[in-house]
Amino acid sequence: MEYDFRAIEQRWQTRWNETEAYKVTEDPSREKFYVLDMFPYPSGAGLHVGHPLGYIASDVFARYKRHQGYNVLHPMGYDSFGLPAEQYAIQTGQHPAITTEANVARYREQLDQLGFCYDWSREVRTSDPKYYRWTQWIFAELFESWYDVDADRARPISELTDALNANGLTGVHAASDGLWWKGLPDGAYPWGSDFDGQLTAEQWMQCDAAAQSHILMQFRLAYLADSEVNWCPALGTVLANDEVKDGLSERGGHPVVRKRMRQWIMRISAFSQRLIDDLDGLDWTDSIKEAQRNWIGRSEGASVHFGVEGHSDHTIEVFTTRPDTIYGVSFMVLAPEHELVEVLTSADHREAVTEYQQAAAMKSERERQGAGDHEVSGCFTGGYALHPLTGEKIPVWIADYVLAGYGTGAIMAVPAGDERDWKFAKAYDLPIPGIFDGIDTDQAVYTEKNAALRHSCEFDGLDSQTAIPKAIAYLESKGVGRGQINYRLRDAVFSRQRYWGEPFPICYVDDLPQLIRDEQVTLPPVDAYLPTEDGDPPLARAQQGDWNVNRGDRMEYNTMPGWAGSSWYFLRYMDPHNDQAFCARDKSDYWGQVDLYVGGAEHTTGHLLYSRFWTKFLHDRGWIGFHEPFKRMVNQGMILGRSNFVYRVQGTDQFVTFEKRKEYTTQRLHVDINLVQSDKLDVEAFRAWRPEYAHAEFILNEDGEYLCGHEVEKMSKSKFNVQTPDDLVEHYGADTLRCYEMFLGPLTQHKPWDTQGISGVHNFLRKLHRLFAQAGGDAHAKDEHHRILHKTIKKVSDDLDRHAFNTVISALMIGVNELLDAQAQNAAAIRPLAVLASPVAPHLAEELWSLSGANGSVLDQPWPAHEEKWLVSDEITYPVSFNGKVRFQLPVAADLDAKAVESLALQHEKAQQHLEGKTVRKVIVVPGRIVNIVVG
RNA sequence: GCGGGUGUGGUGAAAUUGGUAGACACGCUGGAUUUAGGAUCCAGUGCCGCGAGGCGUGUGGGUUCGAGUCCCUCCACCCGCACCA
């Protein structure tokens, strides 16, 4: 009987659908296991062979856990809001929902043919109003929350209002921008210009409702503020930092400039320390954890206040990680945007300063940060700061290299100990006070921390490690500074000027945002998906009657960013149809954290950070019982494509074969891999491929063939090297593709895609099928068959436990080969093999299970346990080595002790040859492993 | 520059705690069968050597009876971050 994979796969997929084999429900009597894939954005291109790699791995693991008796949650859905559908809508006028629907259908078809064990009844789509209703709800909860720094958790805003009514801000540490009152609009507030943020209850009560609302806005976790954003004129939208690469938009590669806009912002910075600390408990790779830490960018140091000469009402606050070097300060630098530049600039420097500021503002982020070459530029303000310890006058400069967005936007420059300060001092001929004993900092900067300090008064003779805490204490005692921890992580801009995203449940009354909580706001239809002529986002095009809810003076026109919906989707799978809550607490208590999260490592830093942030928030507010979403994560490597090239002779229609390309001046062009077989080009197909090649002529090799060049690179449409799973499933079946992708190599490694090897895996499945097809009930099962089977059970189980899917396939191949050689024909005896194969080849496994005469579905079978008695053998073959080089094999009884093995080894005739004329210095016998004889 | 990772046959790779390096596959070579094959089966296949044997896990060193595995040095490549005070 042949292995008819088409019939088999069809039959069992139908059966699974009929029996709802993969539907799961909460069952407190069983332990749960949650296996999650990073859900895809349904792009128009469909899946290529790289996409399913992670899905297959997680599917294999989910099935394995199911066999082990776990109640396995393994859902799938779509991150279906996004830019490509919107761009397509702009070009064609087609509503993005239609495009998305079509793409989702295509994805589903491709996923279905691979036989995944997803519980599709739990499917989610972020663009479905029934889903984004709850994304909006979480936003609303964030809006209605503040961060209590002392309790280190988020709390309802009503509790802050209560505190303000009672005691003002006294005794309350609410996370905010440090100078929160500066963010208030101009208006009547019951305090003067010397207000320092210590709001009293009286002051709070004197504010009218609007003023109070503005004050509360400074503390909400989702708040409105003017902020400098990455504005992409071509896309008409704001981009997150991780959507900008080298000053260009990641999607489309359009220029990005900085612009101040009123935006919704998420106060993720309040969670910085927890986002760092909680990494320790996660089973993620070091590189992913390190990327999280880098992104958050904690640094310890001190904030120090410098006086301003002639302006006793101002101080310049700086952040430094090296307060010990404070006596080495010879100048200060402010970011060009720093608010004190106005104050400090003297009349004779005003023109130059203004010019420098303008030049800096004109530059894009890209030019300012420069692609590697950090040119020194700056401008003296003419103003002076006063050293907080010596009272010395210190010139104040402005320069590009100080960033407005980090720290306080100002630094104390210590050229002796900081590379950038040193370069700046050299460029502008500023003094470099030597503060390190025995080190000539005129010649080179010294950034290490080992040297003793000098010319530093109370810190003289100390190394940095010792001096830093002393310096902080000293600054504190003088009232000019304090220890401080700084984070690079900035609050996340949450507004996008796009159509295809979640609308905010917000309207404005007198420019004050009002939450809409009693009714869901859904996306209104618009006549075009572009900004308005006034530059408002596309939603501003909606007419009054187009909104299903229309309140206040106007609705919010922005939509939420892509990461909104993807930050909590793992929770919705637990309770996907709940219309009373985003997820019932008893459901999230049962399913809990994701036990295994599988996805690519690319672009995940932001996703993980935001998802962890929202999880912590929902936990703080008591909506869920855990504070990290993904306990364990595995990042699959990228599958690379193998591209083919043709070589066009410059300026002609002639194409020269790979071997002769050097004889001409040629242009290397990607050619569709479907026109190439084993690097040989089908020249007729090539002519037919594109009109410009219709008259192509070919310079062939000796064999009369056109040979293409090749290279391994990322799979992409533009490189014509995309392999879709569809052809392979058609040709070999889903089980073969599944096994092959697993067999390719370690899951986490990048690897080139090469279909040549697929026949080997297909062959294995055919042999497996043959093994069961020829087995009968009355054949005799020999001990050897049991030994092979139990060895395989152990190996496959161990390898699955450690996610070594490639060797799972190898182990099964070995088992099948050996059982065929040993003529194992007893159906009952080989039956457990069907269960072993079930995670990787589920369709065939069902077929084998039924071929072996068993009832029911293989899915419901417990995972076989190996029996130790079949693994022990009564004979062991020792490799015997001399000085570490193996010379012969020595079979002995397994229960022989080391001494006896040693003497047998030494007596062996081959041993005698190697011992001739030499003395035995030592004999090492490692029981069960090896014998090593040291001679000399 | 900083951080993370990877270097093993012609190719993808295996070797889980230091114990026979190259399992399992692909490819290749030879053979059988076949009208033919990109089908099937058998044998061979790390390199050098007729052979005995020697050499082999990016480089150089170290620890050890024994190193792909542990330590140090250097090299190459990939990924991430990057004027972060």
Side-chain angles (χ1 to χ4, degrees), chain A residues 242 285-291 293-295 297-299 301 318-322 325 333 335 368-376 399-403 405-414 417-421 423-424 447 486-490 601-605 635 637-638 640 677-678 739-740 743-746 748-761 763-764 766 795 798-799 801-802 804 806-815 817 877-889 921-936:
Chain A
D242 53 321
T285 63
D286 288 341
S287 75
I288 295 271
K289 287 192 190 185
E290 206 48 43
R293 289 194 194 98
N294 280 341
W295 205 280
R298 176 192 158 106
S299 60
V318 301
F319 175 74
T320 176
T321 54
R322 296 292 303 274
T325 63
V333 185
R368 248 181 105 157
Q369 301 207 346
D373 54 310
H374 299 143
E375 274 174 45
V376 179
D400 252 357
Y401 81 89
V402 173
L403 309 174
Y406 182 76
T408 60
I411 61 152
M412 61 178 218
V414 181
D418 183 280
E419 178 117 37
R420 294 148 303 169
D421 297 347
K423 273 193 194 160
F424 196 81
T447 55
N486 235 338
Y487 300 92
R488 195 168 64 197
L489 183 66
R490 290 185 243 167
E602 309 82 32
H603 317 120
T604 51
T605 310
N635 303 108
M638 210 187 326
L640 303 165
Q677 276 285 326
S678 306
C739 289
Y740 184 58
F743 184 63
L744 222 45
T748 55
Q749 240 166 60
H750 291 190
K751 48 216 161 236
W753 180 255
D754 176 8
T755 46
Q756 283 193 309
I758 204 166
S759 62
V761 173
N763 234 340
F764 149 65
R766 286 176 45 209
K795 175 75 175 152
D798 288 353
D799 288 356
D801 283 332
R802 62 189 179 99
N806 53 331
T807 52
V808 166
I809 307 290
S810 305
L812 289 169
M813 285 174 168
I814 294 168
N817 287 343
T877 301
Y878 280 91
V880 180
S881 59
F882 291 79
N883 292 341
K885 289 187 166 49
V886 176
R887 296 303 178 186
F888 65 91
Q889 303 290 324
R921 301 227 182 264
K922 201 174 181 182
V923 179
I924 285 129
V925 178
V926 183
R929 291 235 107 121
I930 200 171
V931 178
N932 190 20
I933 300 167
V934 187
V935 296

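All values reported here derive from a predicted model rather than from experimental measurement. Chain letters run A, B, ... following the sequence lines, proteins first and then strands; every chain starts at 1.
Nearest heavy-atom pair, Phe319(A) versus Thr408(A), reported as atom, atom and distance to 0.1 Å: N-OG1, 4.0 Å. Minimum interatomic distance between Ser810(A) and Phe743(A) (heavy atoms only, all atoms of both residues): OG-CE1, 3.6 Å. Nearest heavy-atom pair across Met638(A) and Glu602(A) is CE-OE2, 4.2 Å. Taking every heavy atom of both residues into account, Pro879(A) and Val886(A) meet most closely at CB-CG1, 4.1 Å. The two residues Ala335(A) and Leu403(A) have their closest heavy-atom pair at CB-C, 4.0 Å.
If you take atom C1' in G4(B) and the same atom in A13(B), they sit 23 Å apart, rounded to whole Å. A gap of 24 Å separates the P atoms of G18(B) and G9(B), to the nearest Å. Using atom P as the reference point in both G53(B) and U6(B), the two lie 38 Å apart (nearest Å). G5(B) and C26(B) are spaced 34 Å apart, taking the P atom of each and rounding to whole Å. One P atom belongs to C72(B), the other to G80(B), and the distance between them is 27 Å to the nearest Å. With both ends at atom P, the span from G54(B) to U64(B) equals 24 Å, rounded to whole Å. Only the C1' atoms considered, G62(B) is 36 Å distant from U45(B), to the nearest whole Å. Using atom C1' as the reference point in both G19(B) and U69(B), the two lie 11 Å apart (nearest Å).
Atom C1' of nucleotide A85(B) and atom CG of Leu403(A) are separated by 9 Å, given to the nearest angstrom. Rounded to whole angstrom, the span from the CD1 atom of Ile930(A) across to the P atom of G66(B) amounts to 12 Å. The CG atom of Leu812(A) sits 12 Å away from the P atom of A25(B) (whole-angstrom rounding). As rounded to whole Å, 16 Å separates atom P of U64(B) from atom CZ of Arg921(A). Going from atom NZ of Lys885(A) over to atom C1' of G66(B) covers 11 Å, rounded to whole Å. At whole-Å resolution of the value, CZ in Phe319(A) and C1' in C84(B) are 9 Å apart. Counting to the nearest Å, the P atom of C84(B) and the CZ atom of Arg322(A) are 14 Å from each other. Atoms NZ (Lys423(A)) and C1' (A85(B)) sit 15 Å apart, rounded to a whole Å.
The side chain of Val926(A) sits closest to G19(B) out of C83(B), G19(B), U20(B). Among the nucleotides C84(B), U20(B), C26(B), the one closest to any side-chain atom of Arg488(A) is C84(B). Here the side chain of Ser299(A) is nearest to one of C83(B), A85(B), G5(B), namely A85(B).
Taking the side chain as every heavy atom from C-beta outward, Thr447(A) and Arg322(A) never approach each other to under 4.5 Å. Side-chain atoms of Tyr401(A) and Lys423(A), non-hydrogen and from C-beta on, never get closer than 4.5 Å to each other. Side-chain contact check for Leu744(A) versus Trp753(A): some heavy-atom pair is nearer than 4.5 Å. Using a 4.5 Å heavy-atom threshold, the side chains of Phe888(A) and Phe882(A) count as touching. Side-chain contact between Ile411(A) and Asp421(A): present, with at least one pair of heavy atoms (C-beta onward) separated by less than 4.5 Å.
Partners of Tyr406(A) by ring pair (Phe, Tyr, Trp, His ring centres under 6.0 Å), not counting sequence neighbours: none found.
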### Strand RNA chain B in bracket notation, Watson-Crick/G-U under 3.5 Å with | for pairs to another chain
(((((((..(((......[....)))((((((.......))))))(((....)))..(.(((..]....))).))))))))....
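Nucleic acid contact class of Val934(A) (heavy atoms, under 4.0 Å, all strands): sugar-phosphate only. When heavy atoms are screened at a 4.0 angstrom cut-off, Ile814(A) is found touching the sugar-phosphate backbone but no base atom. Contact annotation for Asn817(A): backbone-only contact, meaning every heavy-atom pair under 4.0 Å involves sugar-phosphate atoms and none involves a base. Within the nucleic acid shown, Arg298(A) has no heavy atom closer than 4.0 Å to any nucleic acid atom.
Atom CZ of Arg921(A) and atom CG of Asn883(A) lie 9.5 Å apart (nearest 0.5 Å). Rounding to the nearest 0.5 angstrom, the gap separating the CD1 atom in Ile758(A) from the OG1 atom in Thr755(A) is 7.0 Å. A distance of 10.0 Å separates OG1 of Thr807(A) from CG of Leu812(A), quoted to the nearest 0.5 Å. In this structure, OG1 in Thr604(A) is found 6.0 Å from CG in Asn635(A), a value given to the nearest 0.5 Å.
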Could you run down the sub-3.5 Å N/O contacts of the protein with nucleotides 38-40 of chain B?
{"unit_1": "U40(B)", "atom_1": "OP1", "unit_2": "Arg766(A)", "atom_2": "NH1", "d": "3.2"}

Protein-nucleic acid N or O pairs under 3.5 Å, nucleotides 1-3 of chain B:
none

Let me have the donor-acceptor pairs involving side chains of residues 928-936 of chain A, under 3.5 Å, with sequence neighbours excluded, atom names and distances please.
{"unit_1": "Asn932(A)", "atom_1": "OD1", "unit_2": "Ser881(A)", "atom_2": "OG", "d": "3.0"}
{"unit_1": "Asn932(A)", "atom_1": "OD1", "unit_2": "Gly884(A)", "atom_2": "N", "d": "3.0"}

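At the phosphate of C81(B), neither OP1 nor OP2 sits under 4.0 Å from any side-chain N or O atom of Arg293(A).
For the pair Val761(A) and Asn883(A), both in contact range of RNA chain B, the more 5′-proximal nearest nucleotide belongs to Val761(A).
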### Query
Just by protein heavy atoms under 4.0 Å, how would nucleotides 10-17 of chain B read 5' to 3' in B, S and -?
--BSSSBB
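In textbook terms, a nucleotide whose glycosidic angle is within 90° of 0 is syn, and G9(B) is one such case.
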